[in-house]
Student: 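Next up is a structure, given as structure tokens.
The figures that follow rest on heavy atoms only: side chains count, while hydrogens, waters and symmetry mates do not.
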Amino acid sequence: MASKRQTRDRIKIEARRLFAERGVEAVTVREIVKAAEAKNVGSLNYYFGSKEELISELLTDIFSEMSASWLEGMSLLDRNGGPSTVRDVVEVIVRYCDLSCLSDPSPTASRFLASVMFTRRRMVQDVLDRMHFVVFAKLLQRIAEMRGEIPMPVMRQRLIFVAWYFVSALSAVEVDRANRKRNAVWLDYDPLLNLIDTATGLIEAPVTVPEAVDGGGSPIVASK
């Protein structure tokens with residue numbers, strides 16, 4: 001007979017899997033309880049209070065472990081003299097955000113995060129505020145400081161772009177990890193290395209100054 005802890009953990013694992021595969025809106029409490037082989041529909045409410053509280057706890061688990069991992073990567077970078085390029089910081093974000101190293105290593109975390117970010121943005125922000133989730137913010141701040149010539153309004157948008165890009169790109173890689181038959185497109189070249197390169201390029205792309213145009217009427221692109 002499963003203990004209360006085992007049942008609780010199983011509900012979380014199965015819920016995250018179903019949310020990843022189908023999205024948080026499409027999955028019912030009944031489906032989660034059935035997948036977890038719990039006693040009845042009331043089991044989820046007994047352990048978590050509601051579906052929304054379950055989603056919040058899953059978010060908290062992921063953010064807590066990611067934050068600890070990023071802190072480790074940032075500390076190692078600082079002990080080695082600190083970052084010298086934007087790419088150094090992006091590499092910490094990507095390499096130390098290996099979601100397969102979470103306490104639940106099943107390939108579901110990225111897709112779950114993507115689904116919640118699209119449908120529960122307020123919940124995500126509330127969880128981050130409650131956790132005082134500052135490590136990721138400090139990594140992004142370092143990027144902004146290293147490219148101080150990029151106007152702050154532009155940089156703020158790019159950092160939002162890159163955060164969504166990380167989640168979306170890692171979700172695409174995760175789908176392949178979840179499949180039994182691997183797709184060669186993810187095996188022919190290291191996707192995390194490619195993610196680091198392209199995310200760095202997104203941040204460091206030339207800035208178009210819309211107010212300035214050359215003699216031919218084309219926008220002038222600011223140099224790096």
Student: Would L159 end up clustered with V124 when hydrophobic side chains under 4.5 Å apart are linked, directly or stepwise?
Tutor: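 Yes; V124 is reachable from L159 via cluster members.
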Student: Would you mind reporting whether R8 and E57 have side-chain heavy atoms less than 4.5 Å apart?
Tutor: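 A side-chain contact under 4.5 Å exists here.
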Student: Side chains of S50 and E53: closer than 4.5 Å at any heavy-atom pair?
Tutor: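 Result yes, sub-4.5 Å side-chain heavy-atom pair found.
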Student: Of all the heavy-atom pairs spanning I93 and W70, show the shortest one and how long it is.
Tutor: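 So the minimum-distance heavy-atom pair works out to O-NE1, 2.9 Å.
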Student: Dump the intermediate steps for salt bridge (Lys or Arg N to Asp or Glu O under 4.0 Å) on R95 and D190, then the final yes or no.
Tutor: CA-CA 12 Å; R95 294 296 186 188; D190 180 0; 3.2 Å; yes
Student: Hey, are E91 and R87 close enough for a salt bridge, meaning a charged N less than 4.0 Å from a carboxylate O?
Tutor: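 Yes.
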Student: Can you check whether T60's main-chain N or O pairs, donor with acceptor, with S64's side chain at less than 3.5 Å?
Tutor: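 Side chain of S64 to backbone of T60: a pair is present.
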Student: Where is the tightest heavy-atom contact between S110 and V167, given as atom of each residue plus distance?
Tutor: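 The pair with the smallest heavy-atom distance is O-CG1, 3.8 Å.
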Student: On a heavy-atom basis, which atom in R17 and which in A35 lie closest, and how many Å separate them?
Tutor: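 The pair with the smallest heavy-atom distance is NH2-CB, 3.8 Å.
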Student: How about K34 and V41: do any of their side-chain heavy atoms sit closer than 4.5 Å?
Tutor: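 When only atoms from C-beta onward are counted, V41 and K34 do not touch, as no gap falls below 4.5 Å.
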Student: Rounded to the nearest 0.5 Å, what's the gap from OG on S106 to CD on E174? Could you check?
Tutor: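 Separation between the atoms: 8.0 Å.
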Student: Tell me which pairs pass ring pair (Phe, Tyr, Trp, His ring centres under 6.0 Å) where either residue lies in residues 23-64, with sequence neighbours left out.
Tutor: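 Only F63-F133 qualify under ring pair (Phe, Tyr, Trp, His ring centres under 6.0 Å).
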Student: Could you walk me through whether T108 and R16 pass the side-chain hydrogen bond (donor to acceptor under 3.5 Å, both in side chains) check?
Tutor: CA-CA 6 Å; T108 57; R16 205 176 84 179; 2.8 Å; yes
Student: Side chains of T198 and N194: any donor to acceptor distance under 3.5 Å?
Tutor: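 The answer is no; no qualifying pair exists.
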Student: State plainly whether one hydrophobic cluster holds both I143 and V134, where clusters connect Ile, Leu, Val, Met, Phe, Trp and Tyr through side-chain heavy atoms under 4.5 angstrom apart.
Tutor: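 In one cluster: no.
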Student: Step by step, work out the side chain to side chain contact (heavy atoms under 4.5 Å, CB included) result for M131 and V127.
Tutor: CA-CA 6 Å; M131 293 177 61; V127 170; 3.7 Å; yes
Student: Quick one: closest heavy-atom pair of E25 and K51, and the distance?
Tutor: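 Heavy atoms only, the tightest pair is O-NZ, 4.1 Å.
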Student: Please step through side chain to side chain contact (heavy atoms under 4.5 Å, CB included) for the pair L59 and M123, ending with a clear verdict.
Tutor: CA-CA 9 Å; L59 278 174; M123 176 187 288; 3.9 Å; yes
Student: Show every salt bridge (charged side-chain N to carboxylate O under 4.0 Å, His left out) that has at least one partner inside residues 178-188, sequence neighbours left out.
Tutor: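 Applying salt bridge (charged side-chain N to carboxylate O under 4.0 Å, His left out) to every pair that reaches into residues 178-188, excluding sequence neighbours, yields D176-R182.
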Student: Using side chain to side chain contact (heavy atoms under 4.5 Å, CB included), reason through M155 and E149 one step at a time and then give a plain yes or no.
Tutor: CA-CA 10 Å; M155 179 58 78; E149 79 283 4; over 6 Å; no
Student: Does the side chain of V89 reach to within under 4.5 Å of the side chain of L140, using non-hydrogen atoms?
Tutor: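 No, too far: nothing below the 4.5 Å cut-off.
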Student: Measure the shortest side-chain to side-chain distance between N40 and S43 over non-hydrogen atoms and say whether it is less than 4.5 angstrom.
Tutor: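 A side-chain contact exists here, since the closest heavy-atom pair is under 4.5 Å.
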Student: As an exercise, state the distance from CD of E14 to CG of D9, rounded to the nearest 0.5 Å.
Tutor: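 These two atoms lie 12.0 Å from each other.
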Student: Not counting sequence neighbours, which residues clear side chain to side chain donor-acceptor pair (under 3.5 Å) with E145? List them please.
Tutor: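 With neighbours one apart ignored, the set is Q141.
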Student: Flag yes if Y165 and V207 sit in one hydrophobic cluster, no otherwise; membership is Ile, Leu, Val, Met, Phe, Trp, Tyr, and two members link when side-chain heavy atoms are under 4.5 Å apart.
Tutor: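 Yes, same cluster.
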Student: Apply side chain to side chain contact (heavy atoms under 4.5 Å, CB included) to D88 and S84, showing your working.
Tutor: CA-CA 7 Å; D88 291 339; S84 58; 3.0 Å; yes
Student: So, using side chain to side chain donor-acceptor pair (under 3.5 Å) as the criterion, who are the partners of D126 when residues are at least two apart?
Tutor: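 Residues passing side chain to side chain donor-acceptor pair (under 3.5 Å) with D126: none at all.
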Student: Rounded to the nearest 0.5 Å, how far apart are CD of E21 and CZ of R111?
Tutor: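 It is 6.0 Å, given to the nearest 0.5 Å.
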Student: Go through the structure and list residues passing side chain to side chain donor-acceptor pair (under 3.5 Å) with T28, not counting sequence neighbours.
Tutor: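 Partners of T28 under the side chain to side chain donor-acceptor pair (under 3.5 Å) test: E31.
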Student: I need the R158 CZ to I160 CD1 distance, nearest 0.5 Å.
Tutor: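 With rounding to 0.5 Å, CZ (R158) is 13.0 Å from CD1 (I160).
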Student: List the residues meeting side chain to side chain donor-acceptor pair (under 3.5 Å) with N80, not counting sequence neighbours, and say none if there are none.
Tutor: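 In terms of side chain to side chain donor-acceptor pair (under 3.5 Å), with neighbours along the sequence ignored, N80 is linked to no residue.
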Student: Working to the nearest 0.5 angstrom, can you tell me the gap between E72 CD and Y96 OH?
Tutor: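 Output value for this atom pair is 5.5 Å.
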Student: Might you work through the salt bridge (Lys or Arg N to Asp or Glu O under 4.0 Å) test for E52 and R120, ending with a clear yes or no?
Tutor: CA-CA 10 Å; E52 295 300 304; R120 302 285 200 288; 2.7 Å; yes
Student: Could you tell me which non-hydrogen atom of M152 sits nearest to which non-hydrogen atom of A144, and how far apart they are?
Tutor: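 In this case the closest contact between M152 and A144 is CE-CB, 4.3 Å.
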Student: Any heavy-atom pair between the side chains of L195 and P191 that's under 4.5 Å?
Tutor: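 No; the side chains remain at least 4.5 Å from each other.
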Student: Should L128 and F136 count as side-chain neighbours, where that means a heavy-atom distance under 4.5 Å?
Tutor: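 Answer no - side chains too far apart.
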Student: Return the CD1 to CG distance between I62 and L113, rounded to the nearest 0.5 Å.
Tutor: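 With rounding to 0.5 Å, CD1 (I62) is 4.5 Å from CG (L113).
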Student: Decide, yes or no, whether a salt bridge links R10 with E37 under the criterion of side-chain N to carboxylate O below 4.0 Å.
Tutor: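 Between E37 and R10 there is no salt bridge, as every charged N stays at least 4.0 Å from the carboxylate O atoms.
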Student: Determine, using the 4.5 Å side-chain heavy-atom cutoff (strictly less than), whether I196 and M146 are members of one ILVMFWY cluster.
Tutor: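 Per the 4.5 Å side-chain linkage, I196 and M146 are co-clustered.
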Student: Do V86 and L193 share a hydrophobic cluster, counting only Ile, Leu, Val, Met, Phe, Trp and Tyr and linking them when any side-chain heavy atoms are less than 4.5 Å apart?
Tutor: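 Cluster IDs for V86 and L193 differ.
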Student: Just wondering, more than 12 heavy atoms not from R22 lying within 6.0 Å of its CZ?
Tutor: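 Atom CZ in R22 is crowded, with more than 12 foreign heavy atoms closer than 6.0 Å.
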Student: A side-chain contact here means heavy atoms from C-beta on lying under 4.5 Å apart; do I55 and F112 qualify?
Tutor: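 Yes, side chains in contact.
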Student: How far apart are the closest heavy atoms of I150 and I203, and which atoms are they?
Tutor: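 Taking every non-hydrogen atom into account, CD1-O, 3.5 Å.
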